[in-house]
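All of these numbers come straight from a predicted model, not from anything done at the bench. Here is the naming used below: chain letters follow the sequence lines, and residue numbers restart at 1 for every chain.
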Amino acid sequence: AESLLRTGRSFGRSIHALCNVHAMVSNGIARKGEQSEEPEEAFTARERRENKMFAALLKSLLGLEARLMAGDSEDILLITTMLQKGSSSARSEDIKILKSIILDWLVVPGDTLFPPMSANVKADCGFRHDATGALLCPVGIDWNNLEQKIKSGELKVSGEQWPIMVYASYTYNEDAPWKGLLQSSILLKVFRQIFTSRNGPRNIGMHTSLTSVTPASIAYAAVQARFALLSSAVFSRSNTVTDSEIFYNCVIDRLEAPDNIREVDCLLAWWNRLIFPDHTPISRLISKNSVLAKIKAKRMAIKLAALGNPETLLHQLPDNES
DNA sequence: ATCGAGACCTATGAATATGG
DNA sequence: CCATATTCATAGGTCTCGAT
């Protein structure tokens with residue numbers, strides 16, 4: 001039971017944050033039964049993704065698969081309830097911590113916000129304040145020009161629009177939309193807070209199969225960062241004002257689209273180098289005995305060398321690791 | 001008087017937030 | 001991480017009003 005909670009926390013943070021665990025598990029079990037007959041192509045994209053999530057979940061806790069496959073519906077409900085609880089409580093605890101510190105990250109140490117904002121009054125944040133509004137402003141839109149329209153609600157910002165805060169140096173290049181994407185300093189700080197601080201799962205990977213940054217974990221950090229800057233007080237999956245779920249899925253869609261594999265590999269390597277400095281990203285890419293993977297890794301090595309050092313802002317980061 | 005559509009209220013359980 | 005408080009969504013109830 002204890003381990004189910006922990007697994008749920010980790011599942012939410014790095015596999016999928018905003019799903020109905022019971023539905024996902026039920027579907028997973030059902031499909032596993034018919035897997036022998038149904039070819040992979042018979043599944044919709046959504047089902048395939050759900051299968052992946054389910055597989056990742058099974059791998060993350062020893063004995064879980066056997067227990068789920070035993071088919072005791074009461075036991076399954078108990079398990080999924082615990083997992084959901086772990087996932088939800090991790091989310092709200094992360095929200096709580098970020099709420100209290102994210103404003104500190106918006107200014108250089110020693111400086112103050114103008115007008116002043118208090119960490120526990122979210123109502124002042126979001127598009128109502130320059131400091132947060134400028135970061136939430138969708139890419140391609142100049143905050144200085146449209147500030148009034150966004151503030152007054154004349155212009156609605158949806159979850160499908162990428163806030164400039166996910167781009168490195170808060171700079172978006174229309175001709176190179178991958179440049180700096182999901183590599184901003186604020187996102188990195190949020191990720192570190194969630195995954196490597198004293199409160200977060202320092203031992204990321206210990207009770208999961210994860211030993212590296214996942215697309216979903218980046219999306220999770222992004223949705224947390226975005227919500228922390230917004231003025232809404234309550235995080236709600238279905239809330240159409242904050243659109244958190246839509247935004248989260250957008251990030252995941254982009255990171256899982258087959259067309260983007262090369263860019264995403266590069267991005268993940270960047271993250272892994274920062275979050276798991278002890279592991280070399282090159283060796284990580286060589287999976288098993290695949291020749292293709294080795295060629296890929298070699299290309300990656302060249303690419304990485306060309307990429308140079310991670311964002312220059314990096315050295316300003318407070319070092320909150322042990 | 002009867003009916004149904006809609007506005008408004010209320011109780012309840014589920015989802016979130018928060019203090020310790 | 002847990003226990004408690006707060007907030008939200010929903011179902012069901014009551015009331016009003018216009019049409020028949």
Side-chain angles (χ1 to χ4, degrees), chain A residues 1-27 53 57 60-61 64 73-105 117-126 128-129 132 136 153 156 158-159 190-208 210 216-217 219-249 251 320-322:
Chain A
E2 175 81 359
S3 58
L4 282 173
L5 275 177
R6 263 185 302 140
T7 305
R9 301 174 83 79
S10 155
F11 174 82
R13 282 172 169 144
S14 50
I15 300 176
H16 198 99
L18 306 169
C19 75
N20 182 325
V21 177
H22 188 254
M24 189 270 296
V25 166
S26 304
N27 292 340
M53 284 160 47
L57 173 64
S60 66
L61 184 62
L64 180 61
S73 65
E74 212 169 281
D75 193 35
I76 291 176
L77 185 60
L78 181 83
I79 291 171
T80 55
T81 304
M82 298 299 276
L83 292 173
Q84 184 85 64
K85 206 172 156 193
S87 169
S88 302
S89 60
R91 170 157 47 85
S92 73
E93 281 158 26
D94 290 336
I95 286 172
K96 178 170 65 167
I97 301 287
L98 286 173
K99 174 181 172 182
S100 68
I101 52 179
I102 199 157
L103 293 184
D104 298 339
W105 295 341
M117 260 196 295
S118 161
N120 47 24
V121 187
K122 278 204 83 182
D124 295 340
C125 299
R128 296 177 193 152
H129 195 288
T132 47
L136 289 164
K156 181 178 183 313
S158 86
V190 168
F191 190 99
R192 287 209 152 116
Q193 173 59 45
I194 293 170
F195 289 98
T196 65
S197 74
R198 188 150 7 99
N199 301 306
R202 294 171 84 61
N203 43 3
I204 180 176
M206 254 191 90
H207 32 263
T208 77
L210 291 170
S217 63
Y220 182 72
V223 81
Q224 283 278 353
R226 182 174 174 276
F227 178 75
L229 296 175
L230 282 169
S231 56
S232 309
V234 185
F235 182 100
S236 164
R237 259 180 75 184
S238 51
N239 188 325
T240 53
V241 177
T242 54
D243 258 4
S244 287
E245 183 169 26
I246 290 179
F247 176 66
Y248 180 74
N249 287 329
V251 177
N320 46 9
E321 275 146 304
S322 85

Short side-chain N/O contact to B/dA17 OP1/OP2 from A/R91, under 4.0 Å = no

Rounded to whole Å, the CG-P distance (A/L4 to C/dC2) equals 12 Å

Calculate the interatomic distance between A/F235 atom CZ and B/dA17 atom P; express it in whole Å.
-> 8 Å

Grab the two heavy atoms, one from A/L136 and one from A/R226, that are nearest each other, plus how far apart they are.
-> CD2-O, 3.8 Å

Rounded off to whole Å, could you give me the CG-to-P distance for the A/N20 and B/dA14 pair?
-> 14 Å

Whole-Å distance separating the CD1 atom of A/I95 from the C1' atom of B/dG19 | 17 Å

Return the value, rounded to whole Å, for the distance between atom CZ of A/R237 and atom P of B/dA14.
-> 16 Å

Could you please name the option among B/dT16, B/dA17, B/dG19 that lies closest to any side-chain atom of A/K96?
-> B/dG19

From A/L83 atom CG to A/L5 atom CG, the distance as rounded to the nearest 0.5 Å = 8.5 Å

Member of A/S14, A/S87, A/S89 meeting the side-chain hydrogen bond (donor to acceptor under 3.5 Å, both in side chains) criterion with A/R9 = A/S89

Could you give the NZ-to-P distance, from A/K122 to B/dT18, as a whole number of Å?
-> 9 Å

So does A/K85 get a side-chain nitrogen or oxygen closer than 4.0 Å to the phosphate oxygens (OP1/OP2) of C/dC1?
-> no

In this structure, CD of A/Q193 is separated from CD1 of A/I97 (nearest 0.5 Å) by 6.0 Å

Atom CG of A/L98 to atom C1' of B/dT16: distance rounded to whole Å?
-> 16 Å

Could you tell me the separation between the CD atom of A/Q84 and the P atom of B/dT16, rounded to a whole number of Å?
-> 8 Å

